[in-house]
Each structure stands twice: as structure tokens, then as C-alpha cells.
Number of protein chains: 2
Amino acid sequence: MGLEHDNNSHQVRHIFQKAAPTRAFEDIVRQIEEAIISGELKPHERLPSERELQQIFGVGRASVREAIRVLESNGMVEVRTGAVSGGIFVKPISTATTVEALQRLFLLEKISERELVEFRQAVEGITGYWAAKRATDEDIRRIQEIVDNTEPGDIRWDEFHDADVEFHLAVAEAAKNRINLIVMKAVRQTMIRVMRNVFKTLMTRRQARDAIIQEHRAILEAIRNRDAERARDLMVSHIITFYKDIL
Amino acid sequence: MGLEHDNNSHQVRHIFQKAAPTRAFEDIVRQIEEAIISGELKPHERLPSERELQQIFGVGRASVREAIRVLESNGMVEVRTGAVSGGIFVKPISTATTVEALQRLFLLEKISERELVEFRQAVEGITGYWAAKRATDEDIRRIQEIVDNTEPGDIRWDEFHDADVEFHLAVAEAAKNRINLIVMKAVRQTMIRVMRNVFKTLMTRRQARDAIIQEHRAILEAIRNRDAERARDLMVSHIITFYKDIL
DNA sequence: TTTATAAGAATGGAAGAACCATTACACTCC
DNA sequence: GGAGTGTAATGGTTCTTCCATTCTTATAAA
């Protein structure tokens with residue numbers, strides 16, 4: 001299926017590393033990366049300017065800039081121009097970069113709709129289960145608010161879609177597992193790109209909208225009643241119902 | 001839990017984009033990226049040299065190089081030096097870069113052991129379920145081979161760990177869902193880094209090794225018998241048994 | 001005094017030239 | 001033939017110079 005031979009990931013014994021000559025920017029990336037991961041450099045903290053880093057690392061400015069580009073593309077630093085406010089800053093943790101990386105991989109791999117829907121179904125199910133066990137009063141209040149504010153009519157399909165996403169992310173937050181949350185974001189974001197027409201068709205029909213809202217209410221009730229099995233089952237059938245016509 | 005406010009990802013209405021002045025390398029990255037994702041540029045295909053790209057895009061060589069660094073860090077191109085064999089090449093699809101990105105995020109977020117184990121349990125369960133429904137004869141033969149080749153004694157703990165990983169990845173392949181596979185790789189790789197001592201302790205004990213191998217055999221039998229529910233339940237309890245002492 | 005304007009300084013963005021290190025190929029010499 | 005050598009093309013790197021942006025400060029005007 002295309003993943004079998006990528007970088008010998010199944011050849012489990014990793015004793016030797018590839019002996020590539022280290023490039024200057026790689027050293028710089030490694031050092032700054034370690035400082036950020038270890039917490040030595042804190043979010044929003046400012047790094048020395050490019051010209052200072054050039055002196056510190058004893059390299060040319062181009063090498064410093066290439067290192068910054070890599071760190072920037074990995075979502076670890078942020079760059080601003082200007083005299084006083086400008087500079088290189090440690091970026092606060094964000095899922096955005098990683099979600100983009102996941103999405104890029106899904107697109108390149110040509111992940112099928114079946115895989116997306118199927119995976120979503122599994123993860124959403126377990127999310128409902130955990131949410132029912134762990135949701136705080138505040139979580140439940142928030143989900144309630146989202147459900148109450150979702151109007152079945154008078155909004156565009158993409159607005160309704162956004163409201164749906166908001167509900168599912170709120171439930172995922174209540175489940176208190178951030179891996180879940182990150183993966184769900186990536187899957188959902190890839191879906192809306194790959195299956196745009198499916199969403200548009202389904203979320204335009206008033207009947208489908210009513211059903212979705214009703215199911216959201218039922219899931220919320222199960223969570224409120226701490227009925228984890230029911231929350232899971234409702235969530236799974238919620239997903240199945242939605243996609244049943246297209247798979 | 002730290003994810004709530006990252007980049008307004010919960011503020012679902014994305015109408016406007018940030019109006020940042022485009023930098024030269026960003027344009028180059030975007031164009032090459034689109035060419036790769038669309039398939040216009042194929043894996044292993046060679047891009048024009050840096051000096052040619054400089055002419056093509058009408059920019060300085062530094063801008064070209066910064067663009068290459070970004071693409072390289074995203075795992076989309078590969079760079080080799082030298083006259084004939086050297087150049088910039090489209091990299092075949094690989095999960096490695098994305099798995100690294102996920103792992104980096106998990107470490108930065110300080111994802112807890114509870115979250116890792118819990119998520120693994122859920123995903124492995126559904127993996128066993130699907131594997132029982134979809135494994136080909138070749139898949140089953142491969143899993144059988146791995147199980148048969150796993151010796152409970154006379155190997156180091158990390159060798160036994162690698163064999164265990166191999167089993168679970170083989171099952172994940174049989175499940176025919178690549179999202180599953182990608183996520184499992186990332187979770188497992190983060191676990192071995194964060195919970196190294198746990199693995200070392202558990203996988204050193206002969207008793208634990210015997211239990212693991214026996215459970216692997218049972219899971220394989222369930223898959224062979226196409227008993228999806230049983231495969232799922234066995235897989236879940238396999239994970240629970242392993243971690244029960246540490247959570 | 002307040003406000004508008006201009007100059008200055010420090011930042012990242014960018015171009016261009018020059019050189020080095022690596023690699024494969026073609027050629028020469030033995 | 002085989003071993004060595006030159007050559008050309010590639011990415012790696014530095015240096016210099018300048019531009020665009022952004023804030024601070026000084027100055028002039030109201």
C-alpha cells in the first residue's frame with residue numbers, strides 16, 4: 001500500500017546512521033531545536049539577531065538564514081522584520097504545523113475516503129467514550145452552548161460544517177487526550193479538502209441538518225449522564241449515518 | 001490543556017488570511033510543492049540546478065536555497081552534491097518526516113504517558129478488528145513468520161522491543177488503513193523515547209516476554225479465524241496487561 | 001504644549017560574486 | 001587494460017552591499 005518500504009521503517013534494527021557530512025545550518029538547527037525542546041528557550045523569547053547568530057556560530061549569514069527557514073517551517077520560530085519589534089522569536093506550541101504536515105502526507109499518499117471515514121469513526125467513538133467519563137461541568141456547558149447555537153436553517157453549508165467541527169472538537173477536548181484532538185483535526189481538515197462535495201451535498205439538506213443536531217443533543221445527554229458506552233455508540237452511529245450514502 | 005488557544009483553531013470562521021508580504025522563497029516553495037502534490041513532478045525526478053532555478057524564478061541563489069531547505073525539511077525533496085549524480089530530487093513519499101513532526105509536537109506538548117497508552121490502546125484495538133476482517137493470506141503468513149521468529153530468551157530487551165513493534169506494525173498493515181499505521185508509528189516512537197525505562201524493565205523479564213508472545217499468537221489465531229471482535233478484545237487486553245503496572 | 005514630520009538605527013530580505021568540496025566522466029600515460 | 005589526472009557541474013559557504021520595514025528620537029510647526 002505504499003508505506004511498506006519507506007526508509008526501512010520495517011527493518012527494525014537501527015544501529016548505524018547515514019554518514020552524511022554535516023552542513024552548517026544543520027548544526028545550528030539542532031542546537032536551537034534542543035534549546036527549545038528542553039525549555040532553555042521559552043515561548044515568545046527573542047533569539048539573537050541574524051548578524052549576532054552569525055558571530056555566535058561562526059558561520060556566514062546565509063547559513064544562519066537557512067537554519068531559520070528550517071526552524072520556521074517546523075513551526076518552532078517566528079520571524080518579524082523591523083528595528084525594535086523585529087527579530088526571531090520562539091513560537092508558542094501549535095498544532096497547526098503538524099496538522100499541515102499530516103495533511104500533506106495524506107494528500108501525497110492519496111489516502112482514500114474509506115480510510116478517512118473509517119479512521120474518523122474509530123477515533124470519534126473512543127472520544128465520546130472518554131468524554132463521558134471525564135467531561136468537566138465547564139466542558140459540558142461549552143458543548144451545550146455550541147449545540148444550542150447551531151441553527152439548522154438560514155446559514156450556508158460551510159457555516160453549518162464549521163459548527164459541526166466545533167461540536168466535535170469540543171467533545172474531543174472534554175475527552176482529555178490531546179493526541180486524539182490533534183489527529184482528529186488533521187483527519188477532518190483533510191476530509192473537507194478531499195471530500196468537499198460530499199460535505200456540501202449533505203450539509204445543504206435541511207433534513208440532514210436536523211438529524212445532525214438531534215444526534216449532537218443525544219450525544220451531549222449521554223455525556224452528561226456519564227454513560228460512556230452509550231456516548232460511544234451514539235457517536236459511532238452518528239458518523240455511520242452521515243457517510244452511509246457515500247461508501 | 002494547552003491546545004485550546006493555538007492559532008484560533010477553534011474560532012472556526014476563516015474568512016481572511018494574514019496579510020503578510022510574500023517572501024521570495026515562499027513563492028518558490030509553493031510552486032514546487034504544488035507541482036509535486038499534483039504529480040507534475042514525479043518521485044526521483046531531478047529538478048533544475050540551483051543556478052538554473054535562480055534564472056527560472058528570477059531571484060538570487062540564496063532565495064532558491066532557502067526554498068530548498070524548507071522543501072527538504074518537509075521531506076519533499078532530497079539534495080545530493082556532485083557533478084553528475086548531484087542535484088535536487090523529488091523524494092518518494094515517506095512517513096518519516098511526518099512521524100518526526102508528530103513526535104516533536106508530542107514532546108513539546110509534554111503529552112503524558114496516560115495519553116500515549118490510552119490512545120495506543122484504542123487504536124490497536126480497532127487495528128486488530130480491521131485486520132481480522134481484511135488480512136490477506138500473505139499478511140497472515142507474514143505475521144506468523146514474525147511471531148515464530150520472536151525468541152523469548154537470549155536477546156537484549158531492545159531487540160525484543162523491536163520484534164514487538166514489528167508484530168504490531170504487521171497487524172496494522174493487514175488492517176489496510178494507512179492513517180492507522182502512520183499514527184501508530186508516531187505514538188510508538190514517542191513512547192520509546194518518553195517511557196524508555198518502562199519498556200526496559202518490562203521487556204527484560206522472561207515472564208513478560210512469554211506472556212507477550214503467547215498473546216501475539218492468540219491475536220494471530222483470531223485474525224486467521226476472521227473473528228474481529230475477539231481480535232479487538234485480545235489486542236486491547238494485550239495492551240492493558242502490558243501497562244497495567246505503571247498507570 | 002501638542003502634534004506632525006523627518007532623521008536615524010536596527011532588523012530581516014535579497015542580490016551577486018567569489019570560492020570551496022564533492023562527484024562522475026573523459027582523457028592521458030604507463 | 002589499468003591507474004592516475006584533469007575537467008566540468010553540482011551543492012556548500014562566505015562576504016559585501018543594498019533594500020524594506022519598523023520603531024525611536026529629534027525637530028519643526030501649529
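All values derive from a computational prediction rather than experimental measurement. Convention: sequence-line order gives letters A, B, ...; per-chain numbering from 1.
- Remark: the B:R23 side chain and the C:dG12 base include no donor-acceptor N/O pair separated by less than 3.5 Å.
- Residue order along DNA chain C, read from the 5' end via each residue's closest nucleotide, puts A:A83 first among A:A83 and A:R69.
- When distances are taken from the side chain of A:V59 to each of D:dG11, D:dT14, D:dT21, the shortest belongs to D:dT14.
- With hydrogens and angles ignored, no donor-acceptor pair closer than 3.5 Å exists between the side chain of A:R80 and the base of C:dG12.
- A salt bridge is absent between B:E26 and B:R30; no separation between the charged side-chain nitrogens and carboxylate oxygens falls under 4.0 Å.
- Atom-to-atom, CD1 of A:I28 to P of D:dT13 comes out at 9 Å; the value is rounded to the nearest Å.
- Counting non-hydrogen atoms under 4.0 angstrom, B:A62 reaches nothing in the nucleic acid.
- Residue A:I68 is out of contact with every strand shown, counting any heavy-atom pair closer than 4.0 Å.
- C:dA15 atom P lies 15 Å from atom CZ of B:R65, rounded to whole Å.
- Between the side chains of B:N74 and A:S73, at least one donor N or O lies within less than 3.5 Å of an accepting N or O.
- Heavy-atom neighbours of B:R193 CZ from other residues, nucleotides or ligands within 6.0 Å: at or below the threshold of 12.
- The side chain of B:R46 approaches D:dT10 more closely than any other nucleotide in the set D:dG12, C:dA15, D:dT10.
- At the heavy-atom level, A:G60 lies under 4.0 Å from the strands shown only through sugar-phosphate atoms.
- A side-chain donor from one of B:E115 and B:S112 sits under 3.5 Å from a side-chain acceptor of the other.
- Using cut-offs of 30° and 60° on the angle between ring planes, the pair A:H216 and A:F167 is parallel.
- Rounded to whole Å, the distance from CZ on A:R61 to C1' on D:dT17 is 11 Å.
- For B:F25, the side-chain atoms get nearest to C:dA14 when compared with the rest of D:dG11, C:dA14, C:dG16.
- Between A:V64 and B:G87, the residue anchored nearer the 5' end of DNA chain D, judged by the nucleotide with its closest heavy atom, is B:G87.
- Considering only the side chain of B:R51, D:dT10 comes nearest among D:dT10, C:dG12, D:dT14.
- When the C1' atom of C:dG13 is taken as reference, atom CD of B:E26 falls 11 Å away, rounded to whole Å.
- Along DNA chain D, the nucleotide nearest to A:S85 and the one nearest to A:G58 differ in position, and the one closer to the 5' end is contacted by A:G58.
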